[in-house]
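Along the sequence shown, residues are numbered consecutively beginning with 1.
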Amino acid sequence: MKTPILIVGGGLGGVAAALAAAENGQRVVLTEQYRWLGGQSTSQGVPFDEHPWIERFGGTQRYRRLRDGIRDHYRAHFPLTEASRSARHLNPGAGVVSKLCHDPRVAVQVIETMLLPHIVSGRIRVIQPAVPVAADVDGDVVRAVTVRGAEGNLITIEAEVVIDATDTGELLPLTGTEYVTGFEAQSEHDEPSAPQQAQPMNMQAVSVCFAIDHVDGDHTIERPAGYQRWRAKEVDFWGGPQLGWTSPDPRTLEPVLRTFTPNPEEDVHAIEADQSKGPGDTELWTFRRIAARQHFTPGFLESDITMVNWAMIDYFDAPVIDVEDAEDRLGEAKELSASVLYWMQTEAPRPDGGTGWPGLRLRPEVVGTTDGFAQAPYHRESRRIRALRTVTENDVSLRQRPDGRAAHFEDSVGIGMYRIDLHPSTGGDNYIDVPSTPFQIPLGALVPERVRNLLPACKNIGTTHITNGCYRLHPVEWNIGEVAGLLAVTCLTEGHTPHQVHEDLALRARFQDLLSAQGIELAWPDEVHGY
């Protein structure tokens, strides 16, 4: 098979890259390992994590089409109350983690609708499931990538530009592209939070998410084989067993007792209007809730539906990247999640003095699996290219930027904002949570040092272990993917390489003009400061 642009990985970055390229007249082949396109927001079951200004600015025009499409889908197809239907910033789950917590199946529908005209026209061809297994490389140029399909069949796809939109940078080792993993040494970038020695196998926890509701009856799952191991696990910095309501506060590192109240009686509109809640909130049920029954007409939902992506399901026992036993480790991560659910159903202390909520019920259809656990693990960290420009802690940390302004990048291709949020890692580290500044995405972070026609499109750009913590969230990944798609189009149309677009000031300025014309913001308004 031949195509001008090959995008391997159908997460948010891959979808954004395909959409941007097709809308600008190029043909694309998009491959994806899992049944659903959308990555974090769909197959991984992670509702949007976004900055507090997202409703006004800080997201690309196409990303806003995705968000608006999700809300419009609820308004068109769900029996909302009149107050909810008319809410300008409808949050279907009234989850406190972001202003748009939604059922992943709705995001799947909207993404497919956005792509459908280009699939019909033939500009986008989607191959799934498909896993990259090999690459044909000629010096500094990737000629083709081979993927394995559902039946074990191999498909070799030749392309002029190859975009790696996988969550773990799967094409980097296959193509010989230089990359890093884990913690860089402090001597490499002079980052204050970095260790003295490099720790390439020290990576953030992965999580296998799942959706639950709470209804009458006993819905207790079979006791996981390794349950007792997880039940007994205690980490020095945790403040108690990992299977428990206590876990570290990411910012203070002090143990905090979380609360858990299925189906609380509350005013969902008051929650959405309260700007003070966020990642530090201690009520787990509402934290990543994706369906709040008060938003819908009486009787539509038996129960709220909440997505479990909490500290206790973080798997940080061992890395799952560049290790031979990765599948076994991911199996352990899934067993940990199952053990958390079993503990909640059978042993978790309740406020009334009892133990266990047997009415907690897995909702496998919500995540599109038969066993109830997400199709894909949530990888917080990827292999990262050695780029022309690496974003460091000194560029974006509020502690290093006392004026509240991130480093200014003349080659900016987008903006983003999130705290530097690193979960416990495989090297034994507790949370690393550093206040950050509204930042830009430099074009140099998307261009590998050597390889001429491969572009990253998500968490595999030129960040460090530390700055990955703020560049890894949904709107930034979408922005990165969109830019990768447009850069591919520009290079094909004008006959340049990504390196030439980056190095030539006139070419770069013209590319930035294209981005601005297509609704990609390159700088933050002056009113925005760090948090």
Side-chain angles (χ1 to χ4, degrees), residues 181-186 191-209 224-260 279-284 287 308-321 323 325-326 328-344 346-349 355 377-381 393 397 399 419-435 464-466 468-470 472:
T181 61
F183 243 138
E184 295 89 343
Q186 192 173 90
E191 294 181 301
S193 299
Q196 292 301 311
Q197 302 294 324
Q199 300 172 6
M201 302 311 289
N202 187 359
M203 307 177 203
Q204 283 195 75
V206 300
S207 299
V208 178
C209 304
Y227 177 71
Q228 201 53 46
R229 169 198 171 190
W230 299 112
R231 185 69 182 86
K233 183 183 176 184
E234 293 196 34
V235 182
D236 290 342
F237 58 74
W238 204 260
Q242 188 167 346
L243 270 59
W245 297 131
T246 298
S247 59
D249 180 278
R251 300 182 185 182
T252 68
L253 304 185
E254 293 297 319
V256 173
L257 179 64
R258 266 66 183 182
T259 59
F260 183 71
D281 189 60
T282 59
E283 170 52 50
L284 293 176
F287 186 49
V308 177
N309 179 16
W310 309 329
M312 62 181 76
I313 72 165
D314 280 5
Y315 176 82
F316 47 86
D317 284 34
V320 298
I321 293 175
V323 293
D325 59 350
D328 293 337
R329 298 299 187 183
L330 290 172
E332 290 183 354
K334 186 173 181 179
E335 184 180 69
L336 169 60
S337 293
S339 296
V340 167
L341 174 59
Y342 183 79
W343 174 80
M344 289 195 295
T346 61
E347 294 191 73
T355 55
Y378 174 36
H379 291 277
R380 294 179 176 86
E381 189 168 342
E393 184 178 4
S397 168
R399 296 170 184 170
R419 289 177 67 91
I420 297 174
D421 172 21
L422 301 174
H423 282 234
S425 61
T426 57
D429 294 305
N430 199 344
Y431 286 92
I432 298 176
D433 189 287
V434 179
T464 65
H465 173 81
I466 295 169
N468 165 73
C470 60
R472 65 181 172 84

Worksheet entry | Partners passing salt bridge (charged side-chain N to carboxylate O under 4.0 Å, His left out) against Glu332 (at least two apart in sequence or in another chain) | Arg229, Arg329

Practice prompt. Could you pull out all residues at least two apart from Glu234 that satisfy salt bridge (charged side-chain N to carboxylate O under 4.0 Å, His left out)?
Written response: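 Per chain and number, Glu234 pairs via salt bridge (charged side-chain N to carboxylate O under 4.0 Å, His left out) with no residue.
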
Practice prompt. Begin from the C-alpha positions of Tyr378 and Asn309 and carry the test side chain to side chain contact (heavy atoms under 4.5 Å, CB included) through to its verdict.
Written response: CA-CA 9 Å; Tyr378 174 36; Asn309 179 16; 3.9 Å; yes

Donor-acceptor side-chain pairing of [X] and [Y] below 3.5 angstrom:
| X | Y | answer |
| --- | --- | --- |
| Glu335 | Trp230 | yes |
| Glu283 | Thr259 | yes |
| Glu381 | His465 | yes |

With sequence neighbours excluded, residues passing side chain to side chain donor-acceptor pair (under 3.5 Å) with [X]:
| X | value |
| --- | --- |
| Gln197 | none |
| Ser193 | Glu393 |
| Ser247 | Arg258 |
| Tyr227 | Glu347 |

Discussion item. The test is side chain to side chain contact (heavy atoms under 4.5 Å, CB included); show your working for Val434 and Arg419 and say whether it passes.
Written reply: CA-CA 6 Å; Val434 179; Arg419 289 177 67 91; over 6 Å; no

Closest approach of [X] to [Y] (non-hydrogen atoms, all atoms of both residues):
| X | Y | result |
| --- | --- | --- |
| Gly244 | Met312 | O-CE, 3.1 Å |
| Ile466 | Ile420 | O-CG2, 3.2 Å |
| Cys209 | Ile313 | CA-CD1, 4.1 Å |
| Ala194 | Ala185 | CB-C, 4.2 Å |
| Pro319 | Thr426 | N-CG2, 3.4 Å |

Fill in: Expected output: side-chain Asp249 to main-chain Thr252 donor-acceptor under 3.5 Å
yes

Worksheet, complete the sentence: With sequence neighbours left out, the residues meeting ring pair (Phe, Tyr, Trp, His ring centres under 6.0 Å) with Trp310 are Phe260

Item to complete: With sequence neighbours excluded, tell me which residues meet ring pair (Phe, Tyr, Trp, His ring centres under 6.0 Å) with Tyr315.
Response: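 Testing Tyr315 for ring pair (Phe, Tyr, Trp, His ring centres under 6.0 Å), a comparison that skips the adjacent residues, returns none.
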
Give, for atom [atom1] of [X] and atom [atom2] of [Y], the distance between the pair rounded to the nearest 0.5 Å.
| X | Y | atom1 | atom2 | value |
| --- | --- | --- | --- | --- |
| Asp433 | His423 | CG | NE2 | 9.0 Å |
| Tyr431 | Leu422 | OH | CG | 11.0 Å |
| Phe287 | Thr282 | CZ | OG1 | 10.5 Å |
| Thr246 | Leu257 | OG1 | CG | 4.5 Å |
| Arg251 | Asp421 | CZ | CG | 8.5 Å |
| Glu191 | Glu184 | CD | CD | 6.0 Å |

Can you list everything that forms a side chain to side chain contact (heavy atoms under 4.5 Å, CB included) with [X]? Sequence neighbours excluded, please.
| X | result |
| --- | --- |
| Thr355 | none |
| Pro349 | Trp245, Trp343 |
| Val235 | Lys233, Phe237, Trp238, Phe316 |

Discussion item. Enumerate the side-chain hydrogen bond (donor to acceptor under 3.5 Å, both in side chains) contacts for residues 199-208, please, sequence neighbours excluded, ordered by first and then second residue.
Written reply: Gln199-Asn202, Asn202-Ser425, Asn202-Asp429, Ser207-Asp314, Ser207-Arg380

Fill in: Working for side chain to side chain contact (heavy atoms under 4.5 Å, CB included), residues Leu336 and Gln242
CA-CA 10 Å; Leu336 169 60; Gln242 188 167 346; 3.7 Å; yes

